[in-house]
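Okay, structure first, notes after.
Sequential numbering from 1 along the given sequence is applied to the chain's residues. Below, all heavy atoms of this structure are taken into account, side chains as well, without hydrogens, waters or symmetry copies.
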Amino acid sequence: MGDLSGPGDPISVVEVPEARYLTFADGERPSPDPDTQDLSHSADLVLSGGLATALAASGLVPALAEQYVFRRVGGSSLAAVPAAATAAAEIGRAGITCGAVVPGKDPGPVGETVLAGFAGLEQASAWATGPHRPDAGHRPGGTAAPRIVSTLHPDRAARGVYRGFLALTGSRPGPGRRPTVRLAARLTAAVLATAGRSTLAVLLTLWTGTALAGAGTVATVVRAGHLPTALAVTLAACLAVTFTLAAGCGTAVLLGSALRAAFRRARTTRGFGIFPGSASPEPGSGTGSELGMGSGTGSGTGSGTSGVPPALFDWVTDRLDDLAGLDQAAPGSQRYALTFGELWLGHSGPRSKADLRLLRRAVTDPALRTVDLTVTATDLSSGRPRLLPFGATERPGQETGEPFLFCRGCLAGLVPARVIDQLVLMSPGSVPSIACPRHHDSVLFDLPAPWDLPVVFAVRLTAAPPGVISAVPLYRAGPDGAGLRVHWFGDGALTGGMPLHAFDVPLPRWPTFGLLTGSVTGSVMDGAPAWRSVTGWRGFLSAVARSVTDWRPTLQGDVPGVDTLARVTGEGTFRLLREAKTATDLVVRGHRAGCELRERFTGPDAPDTDRPRADRFRWARMRSSLSEYRQLSLSVGARTPLFTDLAASYRVPEPVCSWFSPPLTPGNPDPAWGDAVAAVSHLHSLTAGGVLDWDTAWGAPPSDPHQRLR
């Protein structure tokens, strides 16, 4: 065991085969508000994106965990899964013992229990990206899909659409074909698969009958001796074309009817998605045996039935509990799901009265949280992002209002069953006077307190790509308690995802690491703006989609002095779903980027100094912040007389008296007018021969500091 820090620092490093992870001496963890000795081992992490980002992050995080303790973690969309896993592994890493871990070991054919901490995260990643059918890769032209695909159990009503989804993401239609031909082949296969076996049987009968009838008619015409040869041949050709067109029209009608019926059935899915995300409560539904994906929906206790992996979020729930080191369930009982309270406290197990007092204070004071996890989901009904856990993310942009309610029946099949039971158990109580609009025999429950909210529930709300994984409904009273409104929660990427600056402050004590996947040239840490060639309509539409979804993290990555955004070459979602090797390679690229990022910040700032590179990061951010403050002071200076007079003479009117606690009497001056005058005057003094009256371009970082998004 080697020491990486100064005297008195509780952080040390544990050596295990093929990996090195920080741990803590005598079970002591760094405090939520660390001292200077912990700064070199502290970092924040923001993960936002789809499947490619989620896979790359599962390689990036263990590499960073060798040097850093993650204080604050943010996530959205599918990348919220590794974000939550990082937070869980952070409180579980204290259970790692020297030599007890073999990273990369496959946790069984159905993804059974993994170890606590970041070694377990590597195990879970290795299982998820391993080949679902190892023999497929040995067949000529065969490819093996990653195991994570086997956890995608379709809704019963969407099986026809799911067959088309599998055909669209299946093995390649053949090497050497043009992209247009390959796309046409995939679309044709998807249409035929969606239509179903009965439609295919009817089509086969139609074409067989048409061919026999057409051949007989043509033969009769040709053999007729009273017709000239040229006329007979022409007539035969016309008859053949007529029969072919008739069969084609019949095929179009049959396929159109079959597709319409398939999508009509799919409209009845729970939450407008093909995959509910959890085990279906209906017997026999959600299985994938006839789709080549195995059968069973999983028990939510670590493995699926009959040796088949459980549904996606049943598996995620179990792995988060494993990574956090939570105890297994006793025989005959359900396992306790990881909550935000364990992350805030930094440990699991029974809570003392002091723990409960700390949790209540941590609701409004994030600095008291040992590990602060924030997840961004999209409220589709309001068209805006929401931060989770509700009521504990007192940051700019968080809306206050009536609490959200849930219906047990509405969550069935969308959220793991044991998580629903825990939500009901931890709920402050039901609302007997309010029945669920969609299940009139069910009452609505209040969501638990923020510290009692299961982490996987927040992840489930944001990790829901539209049309693929079902959205989740919650309920809320309208303004002034009038009416009950349903709020559908979907993918966090729809409203921009979790921004890289979510935890940013003008003078940060430690870096915030992020990840951007896409087309990357040069080094994985190259800070130059990415450039992509745009050719053809397909390339143009792809560029439009990337610009809409990736402009925010791309711009944030160019912030001066940040240099903490790892850029990893990603792959298309369809390719990741059909090729286990491609998924594994992406994890490896993420790990390589994490190692390079770690070395960049832990290495020397220059060959002739012993200061770490992290000091340059803080210095550059300080220079950028000083420049911003000077620009602010210039703006304030021109308006100082106006606002100084306003602060001293303004009388608070009745409509805003309730903003104060306790409320003010109308007509009184602002109680803080003196502080306001002092603050405005101080900002003005910074440009009147003060400390910031200097040329900010001299020695400032090369990028425009105002690119940072606030």
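If you take OG on S77 and CG on L494, they are separated by 8.0 Å, rounding to the nearest 0.5 Å. We find the CG-CZ distance between L359 and R369 to be 10.0 Å, quoted to the nearest 0.5 Å.
Formation of a donor-acceptor pair under 3.5 Å by the R72 side chain with backbone atoms of V371 is not found in this model. Proximity of a side-chain donor or acceptor of H591 to a complementary backbone N or O of L60 within less than 3.5 Å is not detected. The backbone N or O of S348 sits nowhere less than 3.5 Å from a side-chain atom of E342 that would complete a donor-acceptor pair. Judged by distance alone, with hydrogens and angles left aside, the side-chain atoms of T462 form a donor-acceptor pair with the main-chain N or O of T376 at under 3.5 Å. Side-chain atoms of T374 do not come within 3.5 Å of backbone N or O of G74 as any donor-acceptor pair. Side-chain atoms of S333 never come within 3.5 Å of backbone atoms of A329 as a donor-acceptor pair (strictly under, hydrogens ignored).
For the residue pair S427/D446, the side-chain donor-acceptor check at 3.5 Å is not satisfied. With 3.5 Å as the limit, one finds no donor-acceptor pair spanning the side chains of S125 and E122.
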- Item | Evaluation steps, side-chain contact (heavy atoms from CB on, under 4.5 Å), between D379 and F489 | CA-CA 5 Å; D379 184 346; F489 282 83; 4.2 Å; yes

- For the pair Y336 and Q328, evaluate side chain to side chain donor-acceptor pair (under 3.5 Å) and give the outcome as yes or no after the intermediate values. CA-CA 8 Å; Y336 176 81; Q328 293 288 341; over 6 Å; no

- Hey, mind stepping through V455 and L320 against side-chain contact (heavy atoms from CB on, under 4.5 Å) and telling me if it holds? CA-CA 8 Å; V455 170; L320 291 179; 4.3 Å; yes

- Verify side-chain contact (heavy atoms from CB on, under 4.5 Å) between L121 and L323, making sure each step is shown before the conclusion. CA-CA 7 Å; L121 179 57; L323 294 175; 4.3 Å; yes

- Show your reasoning for whether ring-ring contact (aromatic ring centres under 6.0 Å, His included) applies to F390 and F340. CA-CA 11 Å; F390 298 120; F340 284 89; over 10 Å; no

- Task: Could you walk me through whether R418 and D421 pass the salt bridge (Lys or Arg N to Asp or Glu O under 4.0 Å) test, one step at a time?
- Result: CA-CA 5 Å; R418 67 182 177 96; D421 292 339; over 6 Å; no

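Annotation: side chain of P403 is not in contact with side chain of L447 (no heavy-atom distance under 4.5 Å).
Under the 4.0 Å criterion applied to side-chain N and carboxylate O atoms, R618 and D615 are assigned as salt-bridge partners. Salt bridge D452/R351: present, at least one basic N to carboxylate O contact under 4.0 Å. Using a 4.0 Å cut-off between a side-chain N of Lys or Arg and a carboxylate O of Asp or Glu, D44 and R71 do not qualify as a salt bridge. Note on D585 versus R589: no salt bridge recorded, every NZ/NE/NH1/NH2 to OD/OE distance being 4.0 Å or above.
H487 and F404 have their aromatic ring centers within a separation under 6.0 angstrom. Aromatic ring centres of F601 and F513 lie closer together than 6.0 Å.
Shown here are the side-chain hydrogen bond (donor to acceptor under 3.5 Å, both in side chains) partners of E599, two or more places apart in sequence or in another chain: there are none.
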List the atom pairs, with distances to 0.1 Å, where a side-chain N or O of residues 45-57 and a protein N or O form a donor-acceptor pair under 3.5 Å, not counting sequence neighbours.
from: S48; atom 1: OG; to: S76; atom 2: OG; distance (Å): 2.8
from: S48; atom 1: OG; to: M498; atom 2: N; distance (Å): 3.2
from: T53; atom 1: OG1; to: T517; atom 2: OG1; distance (Å): 3.1

